[in-house]
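Here is the structure we will look at.
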Amino acid sequence: MQGIVPILEKKGSKVKLVELNDYVQPSLKLAHGSLDANFFQHLVYLQKPNDPSNLARALVLLEQNKLITLKSSIDPIRASWKDIDQNLRTLAVGDRQSDR
């Protein structure tokens with residue numbers, strides 16, 4: 001954050017840092033307009049290749065929309081690439097290498 005603040009101020013922005021104690025509040029506050037920027041989602045965060053909780057959510061969403069099926073024996077909140085039973089639409093399904 002310290003790296004971006006001087007750059008923003010030099011460009012005329014007024015910066016007030018607000019510290020929040022979880023990962024949900026910044027996105028909620030940004031969506032509701034009480035924050036203008038969300039610094040925890042920086043480039044390194046966005047480039048991180050392994051995000052198991054969001055992968056599981058995405059796979060369940062694909063299953064709910066009948067694009068894939070997941071193995072019946074898995075816990076849906078822990079679903080990963082290896083838990084895909086059928087890829088009904090032959091979707092390109094990400095980097096399976098990170099799950100091996």
Side-chain angles (χ1 to χ4, degrees):
M1 286 187 286
Q2 298 302 324
I4 192 73
V5 171
I7 296 169
L8 292 172
E9 289 177 337
K10 190 173 184 177
K11 291 184 176 191
S13 295
K14 198 175 223 182
V15 178
K16 176 184 174 190
L17 299 178
V18 177
E19 187 174 332
L20 301 167
N21 60 6
D22 67 41
Y23 290 105
V24 176
Q25 291 303 311
S27 296
L28 290 175
K29 290 182 178 293
L30 189 64
H32 290 114
S34 60
L35 292 177
D36 295 321
N38 177 340
F39 285 108
F40 92 90
Q41 292 179 339
H42 49 76
L43 187 58
V44 175
Y45 175 85
L46 294 173
Q47 290 177 335
K48 184 178 177 189
N50 187 11
D51 187 356
S53 62
N54 284 324
L55 173 59
R57 290 183 192 115
L59 292 174
V60 168
L61 182 65
L62 290 172
E63 183 178 47
Q64 289 171 343
N65 285 280
K66 300 186 184 345
L67 299 172
I68 66 169
T69 61
L70 295 171
K71 295 175 184 172
S72 60
S73 61
I74 63 110
D75 178 352
I77 66 170
R78 291 183 170 75
S80 68
W81 299 118
K82 65 183 177 189
D83 297 315
I84 295 174
D85 187 37
Q86 293 181 319
N87 186 344
L88 302 170
R89 301 280 176 99
T90 317
L91 302 173
V93 287
D95 178 16
R96 291 172 168 250
Q97 298 299 321
S98 65
D99 202 39
R100 292 183 180 156

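The structure displayed is predicted, hence computed values, not measured ones.
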Exercise. Side chains of Leu70 and Asp85: closer than 4.5 Å at any heavy-atom pair?
Worked result: no
For this session: Report yes if some heavy atom in the side chain of Ile84 is under 4.5 Å from a heavy atom in the side chain of Ile68; otherwise report no.
Result: yes
Exercise. Does a sphere of radius 6.0 Å around CG in Asp36 hold more than 12 heavy atoms from other residues, nucleotides or ligands, not counting ones at 6.0 Å or beyond?
Worked result: no
Problem set entry | Gap between atom CD of Gln64 and atom CG of Leu59 - 0.5 Å precision | 11.0 Å
For this session: Could you state whether Leu88 and Leu62 fall into the same hydrophobic cluster, counting links through intermediate Ile, Leu, Val, Met, Phe, Trp or Tyr residues with side-chain heavy atoms under 4.5 angstrom apart?
Result: no
Exercise. Are any of the side-chain heavy atoms of Glu63 and Leu67 separated by less than 4.5 Å?
Worked result: no
Exercise. Is Ile7 reachable from Val15 through a run of I, L, V, M, F, W or Y residues, each pair having side-chain heavy atoms under 4.5 Å apart?
Worked result: no
Problem set entry | Smallest separation among heavy atoms of Lys71 and Lys82, with atom names | NZ-O, 3.0 Å
Exercise. Is there a path from Val60 to Leu91 through hydrophobic residues (I, L, V, M, F, W, Y) whose side chains come within less than 4.5 Å of each other?
Worked result: yes
Problem set entry | Check: Lys29 and Leu20 side chains under 4.5 Å, non-hydrogen atoms | yes
Problem set entry | Nearest heavy atoms of Pro76 and Ala56, plus distance in Å | O-CB, 3.6 Å
For this session: Kindly compute the distance separating CG (Asp75) from CG (Asp83), expressed to the nearest 0.5 Å.
Result: 9.5 Å
Exercise. Of the non-hydrogen atoms in Ala37 and Leu30, which two are nearest, and what is the gap between them?
Worked result: N-CD1, 3.6 Å
Exercise. If you measure from CD on Gln25 to NE2 on His32, what distance do you get to the nearest 0.5 Å?
Worked result: 10.0 Å
